[in-house]
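Notes for the one structure printed next.
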Amino acid sequence: MAALTLRQEIRARVAAALAACNAEHEWNLPAELAFEVTRPRNPDHGDFSANVAMTAAAALRKSGVNLPPREVAAQIAGRLPKDGAMAAVDVAGPGFLNLKVAPAWFWDRVADTVLHPSRTGRLDVGQGRWIQVEFVSANPTGPLHFGGARNAVLGDGLARVMEACGYSVQREFYVNDAGAQFDLFVQSLLAACVQLHGGRAEFPPDGYRGAYMHEYAAAACERLGTDWLADAEGAADALRGPALDIVLEDVRSEISLLGIEFDQWFSERALHESGQVEAAIARLADQDAVYRAEGAVWFAASRYEGNDQDVVLVRSNGVPTYFAADAAYHWDKLRTRGFDRVLNVWSVDHQGHVPRMQALVEAMGLDRAKLKIVLYDLVKLVRDGNEVAMSKRSGSFLTLREVVAEVGSDAVRFMLLTRAPESVVEFDLARVVEQNPENPVYFVQYSHARLCSILVRAQAEGLLLPDADDIHGHLRIHLGHPAELELARLLTELGDQLLAALERSSPHNLTYYAMRIASAVNGFYRDCRVLDRSQPGLSGARLCLCDAARIVLARILHLLGVNAPASM
RNA sequence: GCCCUCGUAGCUCAGUUGGAUAGAGCACCGGCCUCCGGAGCCGGGAGCACAGGUUCGAGUCCUGUCGAGGGUACCA
C-alpha cells in the first residue's frame with residue numbers, strides 16, 4: 001500500500017531540497033514554510049509545479065534578504081536529486097519550479113496497477129480509525145423526498161471515500177421518533193386508519209395528508225387488526241410502534257434502491273427512555289453551562305464562539321427539546337461509543353444549528369474538532385421549467401423512489417455527485433430523461449465497457465498481457481505514444497484525487513476525474529490501435545494500459561456507488 | 001435588521017484551498033464509420049454580477065453595492 005501519493009512524494013523531495021538550501025545559505029526560513037505542489041493544467045509546465053521559490057523569497061524579504069524568486073528557485077533546483085520521478089527541473093515564469101517525471105516512471109505505475117488491482121485507490125491515512133457518518137436522518141413521517149436522495153448519495157459517497165482512505169466507517173441513521181413531528185404523524189395515521197374503517201376522523205390541522213398515508217394505514221390495520229381502534233384513548237399509543245416500523249421499512253427500501261445500507265438505526269426515543277437525556281443535561285449543569293429562566297432550562301450557548309443566543313434544553317412544560325436529545329446523542333457517539341471522528345450530513349436549513357451543536361460538544365468537555373458537519377444545499381426539482389413543490393405534509397412531493405424509477409440509480413447518484421455540496425442543485429426531470437443517453441454517467445460507463453470489450457477480444461485473438469515478472473520492462477520498451485502517456489499520467493492522479501475528496505469532503509471531485517479519464521481513454525483509443533497480431537509486444541503493452549484504466553475507472557465508479565458494467 | 005451560502009458560456013455545473021493562456025456536459029454550426037463498441041472523435045462561437053482593495057500573481061482572500069436561496073422558534 002502506497003503510503004504517499006505521487007504529489008506528496010514530490011513535495012517531500014522539494015521540501016528536502018529547500019531545507020538543504022536553507023541550511024547551506026543560512027536563510028533562517030521556518031521549517032514548515034507553506035508551499036504547494038500542483039499538477040499544472042498546461043502540460044508545457046511539466047508534470048508538477050511548485051511555488052516554493054515565491055513563498056520562500058517573500059519570507060526572505062521579510063527578514064531583510066532580497067533574493068529574486070527565480071534565483072531562489074535555481075538554488076532549490078540545484079539541490080533536487082534527479083531520477084525517474086524527477087527527470088527534469090525548470091525555473092519558469094515568476095519563479096515556478098516545474099518538474100518533469102520520466103515516462104518510465106508512469107509505465108511502472110501502470111504495471112503496478114495491473115499487478116495489484118486491489119491496492120489501487122486505497123490509502124492508509126485513516127489507519128483504521130473508527131469514524132461515523134450520520135446521514136439522511138429524515139423525520140420518520142413518510143417516504144423520502146428528493147432532497148433526501150442528495151443527502152443519501154453524499155453521505156454514502158463520503159463514507160466510501162473514507163473507507164478507501166483506510167478508515168473504519170459506520171453508517172448511521174438517527175431516527176427522530178420522539179418529537180412533535182412524529183406525534184403528528186402518528187395522529188395523522190390514526191385518522192387515516194379510522195377513515196379506512198369508514199369512521200369519521202378529524203385530521204390534525206397540519207397533519208400529514210400524502211397519498212402514501214392510505215397505504216401506511218392499510219399496513220397498520222393489517223398488523224393491529226381492528227379491535228385496537230375501539231379503545232379511543234389507547235389507540236395512538238398502540239399505533240406508535242407499528243407506525244415507526246412501517247415508515248422505516250419504507251425508508252429503508254427507498255435507500256436500498258440507491259444501493260445504500262445503514263449499519264445502525266439509532267432511536268432518539270431510546271435516549272429519553274434510558275435517562276441519557278437527563279444525564280446529558282446534568283453533565284452540562286456540572287459544567288455551569290446551564291441556567292433556569294422563564295420556567296425553562298437553558299444552555300448558555302452564547303458563551304461560545306459563533307453563538308449569540310442561548311438555547312432551550314427543557315421547555316417550561318417539562319418536555320426536553322430535540323436539542324437536549326442531541327446533547328445525549330453526541331455524548332453517546334463521541335464518549336460512550338468512542339468514535340474517533342463523527343461526520344454529520346445536514347441540509348442547509350440546519351445551518352443555524354451548527355454553531356450551537358459545536359458549542360454543546362465543547363461544553364460537555366468533548367473535543368469539538370472530532371465533530372465535522374457537512375452542509376449541502378437543497379435540490380430544486382424542476383419539470384418542464386416549473387419547480388416541483390416538495391412539501392411532505394401536503395403530500396405534494398416527488399419521492400426518491402419515483403425519481404429513481406424514472407432515471408435510474410446510476411444517473412441519480414452520478415448527477416448528484418457532479419455538484420459541490422454547497423451549491424444548489426437544479427434537477428430537471430424532463431431533461432434528465434430526455435438526455436438519458438447523453439448523460440455523463442453513460443459516457444464514463446461506456447468507456448469502461450469498451451475497455452472490457454477490448455480485453456475480452458484480446459483473449460479471443462490470442463493476444464496476451466506480458467508475464468508478471470517481465471511487465472515493467474515490457475512496458476518501458478513498448479510504450480511511448482503521447483496518448484499513452486497522457487492516459488498513464490492521468491491514472492496516477494487517483495491517490496491525490498481521493499485525498500482531495502477526503503480532505504474537502506467533496507466526493508464530486510471524483511466524478512470529474514472519472515470524466516477526464518474516460519476522455520483520455522477515448523483519445524488513446526482513437527490514436528493507438530490496441531489489438532494488432534502483427535505487433536504482439538506492443539499489443540501486450542497497450543492491453544496493460546487498458547487494464548490499468550479499466551481498474552481505475554471501476555474503482556472510481558465504485559467510490560461513487562455507480563455500476564461499472566462490462567457491456568452496455 | 002443580523003448571520004450563513006451562492007452569483008463563472010444560451011442552459012446545468014466544475015475550477016486542484018492564491019498560480020501561468022478559466023474547463024466539461026447539454027444546446028447551436030461544420031466535419032469524421034474499408035479499421036479494437038459512433039453512447040464516440042475533430043473543429044467553431046460565447047463567460048468569472050458590479051466597484052474598489054490586499055501582492056510577484058485574484059474566478060478564488062478583504063470591503064462595499066446589486067441579485068438569488070437559506071437561517072434567525074420553549075419545531076425538528
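No hydrogens, no waters, no symmetry mates; every other heavy atom, side chains included, goes into these values. Letters A, B, ... mirror the listed sequences (proteins, then strands); counts begin at 1.
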Open item on the list: Determine whether a donor-acceptor pair (one donor, one acceptor, N or O, separation below 3.5 Å) exists between the side chain of A/Ser49 and the base of B/rA20.
Closed with: yes

Task: For A/Leu502, the option from A/Asn509, A/Leu158, A/Val125 that meets side-chain contact (heavy atoms from CB on, under 4.5 Å) - done: A/Val125

Open item on the list: Suppose we call a contact any N or O donor and acceptor under 3.5 Å apart; does that hold for the side chain of A/Asn51 and the base of B/rG19?
Closed with: yes

TODO: Sticking with atom P, work out how far B/rC11 lies from B/rA49, rounded to a whole angstrom.
DONE: 13 Å

Task: A/Gln351 side chain, from C-beta outward: closest of B/rC3, B/rA14, B/rC56 - done: B/rC3

Task: Below 4.0 Å: OP1/OP2 of B/rC32 and any side-chain N or O of A/Arg526 - done: no

Task: Whichever of A/Arg7 and A/Asn317 has its nearest RNA chain B nucleotide further upstream toward 5' - done: A/Arg7

TODO: Side chain of A/Asn98 only, please: which of B/rC41, B/rG70, B/rA20 is the nearest?
DONE: B/rA20

- [ ] Give the rounded distance in Å between these two atoms: OH of A/Tyr525 and P of B/rA39.
- [x] 11 Å

Task: Of the listed nucleotides B/rG40, B/rC74, B/rC4, the one nearest the side chain of A/Arg450 - done: B/rG40

Open item on the list: Should the side chain of A/Ser453 and the base of B/rG37 be counted as holding a donor-acceptor pair, with the cut-off at 3.5 Å?
Closed with: yes

- [ ] Please state whether the base of B/rC74 and the side chain of A/Ser316 form at least one donor-acceptor pair under 3.5 Å?
- [x] yes

Open item on the list: If you assign A/Val314 and A/Thr418 each to the RNA chain B nucleotide with the nearest heavy atom, which residue ends up on the more 5' nucleotide?
Closed with: A/Thr418

Open item on the list: Let's test this: given Watson-Crick or G-U wobble pairing with both distances under 3.5 Å, identify the partner of B/rC28.
Closed with: B/rG44

Open item on the list: How about CD on A/Glu278, more than 12 heavy atoms from neighbouring residues, nucleotides or ligands closer than 6.0 Å, or not?
Closed with: no

Task: Pairing nucleotide - B/rU5, Watson-Crick or G-U, each distance under 3.5 Å - done: B/rA68

Task: Selection from B/rC36, B/rC74, B/rC75 that lies nearest to any side-chain heavy atom of A/Ala180 - done: B/rC75

Task: Below 4.0 Å: OP1/OP2 of B/rC75 and any side-chain N or O of A/His353 - done: no

- [ ] Look at the side chain of A/Glu36 and decide which nucleotide, out of B/rU17, B/rA20, B/rC75, has an atom nearest to it.
- [x] B/rU17

Open item on the list: Looking at A/Asn42 and B/rA22, is any side-chain donor or acceptor paired with a base atom of the opposite kind under 3.5 Å?
Closed with: no

TODO: Looking only at side-chain atoms of A/Ala296, point me to the closest of B/rC74, B/rA76, B/rA39.
DONE: B/rC74

Task: pi-stack flag for A/Phe96 and B/rA20, centroid dist under 5.5 Å, interplanar under 30° - done: yes

Open item on the list: Centre-to-centre under 6.0 Å for A/His353 and A/Phe323, is that the case here?
Closed with: yes

Open item on the list: In terms of relative ring orientation, are A/Trp346 and A/His350 parallel, tilted or perpendicular, with 30° and 60° separating the classes?
Closed with: tilted

Task: Passing option when A/Arg150 is tested against A/Val345, A/Val136, A/Asp377 for side-chain contact (heavy atoms from CB on, under 4.5 Å) - done: A/Asp377

- [ ] Would you indicate which nucleotide in B/rA76, B/rG37, B/rG71 comes nearest to any side-chain atom of A/Met568?
- [x] B/rG37

